[in-house]
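Report on the structure given below.
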Amino acid sequence: MSDNQNLLAEQRRALILDEVRRRGGVRVNELTRRLKVSDMTVRRDLDALARQGMVEKVHGGAVPVSEPSAHEPGFEAKSALELSAKEDIARAAAEMAAPGSAIALAGGTTAFALAQRLLDVPDLTVVTNSVRVADVFYTAQRAAAVGGGPRAGAATVVLTGGVRTPSDTLVGPVADAAIRSLHFDVLFLGVHGISVEAGLSTPNLAEAETNRHFVRSARRVVVVADHTKWGTVGLSSFASLDQVAVLVTDSGLSAAARAEIAELPPELVVAGEEPADADI
């Protein structure tokens, strides 16, 4: 957007709406810079769009109106959201992958970010049902081959097979059978939604069943999910929170959500924040 100081309110709101839909969400401070108007003007515009049912206001900005619980966004749509949060989460979660271990990486854009952080962990065996995650490792291996030697962090990658979803994950009976026969030290699991009542959920019924097999086959389940996933509920639940060992999220998680999680079994790791006892 260029200098829009003199835009009419209707034009300005149309631009805001386009940004929300295109990017999946915007912050007030981003809009003030892009539109070159005051914080108050942007907030009035968001109020007007929310009254019309065009956007949903959230703390610090706005997102598209809530989708039905069965709606599943595609990989590209999700990959543009909460980029810095996903990088922080990936960095923290990668420290939980021990050299020489067998890990599973379920699908999703946060798992994709994590895969790139795992490239230098030695001797991993990686099982994934994500076409995108598998490609991260295959691309690194091909680049190493062209360079003339094996990579220090080279991984053995097993792609499960199955039916492809909008999120580029493979699900269904073929994937389920492959996962049932395996055992993982750690499962890194991205999710569509997390809540106290519904646990972990997804809008895709077949993906829910595949994720159930992932959870059953893992000694330890680590959920990697940015703060926007808390309180979201998809069509199908596939695990309760007492089946999760660690929840890795970002600093955007609200104080209320943190208080709820403190009463639950998962260990909470807030990526990008120092532990409370860091200076002790």
- [ ] Mind running side chain to side chain contact (heavy atoms under 4.5 Å, CB included) on Arg117 and Glu95 for me, showing each step along the way?
- [x] CA-CA 9 Å; Arg117 292 282 175 180; Glu95 297 178 2; over 6 Å; no

Open item on the list: Is there a side chain to side chain contact (heavy atoms under 4.5 Å, CB included) between Leu118 and Phe137? Walk through the geometry before answering.
Closed with: CA-CA 9 Å; Leu118 295 175; Phe137 292 99; 4.2 Å; yes

- [ ] Report the C-alpha separation of Ile16 and Leu35 in whole Å, then their side-chain angles, then the decisive distance to 0.1 Å, and conclude whether the side chain to side chain contact (heavy atoms under 4.5 Å, CB included) test is met.
- [x] CA-CA 9 Å; Ile16 292 172; Leu35 292 168; 3.7 Å; yes

Open item on the list: I'd like to know whether Lys86 forms a side chain to side chain contact (heavy atoms under 4.5 Å, CB included) with Thr109, so could you lay out the CA-CA distance, the side-chain angles of the two residues, the decisive distance to 0.1 Å, and finally the verdict.
Closed with: CA-CA 8 Å; Lys86 290 172 184 175; Thr109 53; 2.8 Å; yes

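Rounded to the nearest 0.5 angstrom, Glu207 CD and Thr202 OG1 are separated by 4.0 Å.
Arg220 pairs by the salt bridge (charged side-chain N to carboxylate O under 4.0 Å, His left out) definition with nothing, not counting sequence neighbours. In this structure, Arg44 has no salt bridge (charged side-chain N to carboxylate O under 4.0 Å, His left out) partners at least two apart in sequence or on a different chain. The side chain to side chain donor-acceptor pair (under 3.5 Å) check on Arg142 picks up Thr139, with sequence neighbours excluded. For Asp88, the salt bridge (charged side-chain N to carboxylate O under 4.0 Å, His left out) test picks out Arg91, with sequence neighbours left out. Under the salt bridge (charged side-chain N to carboxylate O under 4.0 Å, His left out) criterion, Arg219 pairs with Asp185, not counting sequence neighbours.
The shortest distance between side-chain heavy atoms of Leu17 and Val55 falls below 4.5 Å. You'll find the side chain of Asn29 reaches within 4.5 Å of the side chain of Arg33, heavy atoms only. Side-chain atoms of Ile103 and Phe184, non-hydrogen and from C-beta on, never get closer than 4.5 Å to each other. The shortest distance between side-chain heavy atoms of Asn129 and Thr210 falls below 4.5 Å. In this structure, the side chains of Arg258 and Val270 come closer than 4.5 Å at one or more pairs of heavy atoms. Residues Lys229 and Val223 are not in side-chain contact: their nearest non-hydrogen atoms beyond the backbone lie 4.5 Å or more apart. Side-chain contact between Leu253 and Ile261 is present, with heavy atoms from C-beta onward closer than 4.5 Å. At a threshold of 4.5 Å between non-hydrogen side-chain atoms, the residues Ser236 and Leu205 count as touching.
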Indicate every side-chain donor-acceptor pair of residues 239-247 with a distance under 3.5 Å to a residue at least two apart or in another chain.
residue	atom	partner	partner atom	Å
Ser240	OG	Asp242	OD1	2.4
Ser240	OG	Gln243	OE1	3.4
Gln243	OE1	Ser240	N	2.9

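The two residues Ser195 and Ala198 have their closest heavy-atom pair at OG-N, 2.9 Å.
Salt-bridge annotation for Lys57 and Asp47: present, with a side-chain N of the basic residue lying under 4.0 Å from a carboxylate O of the acidic one.
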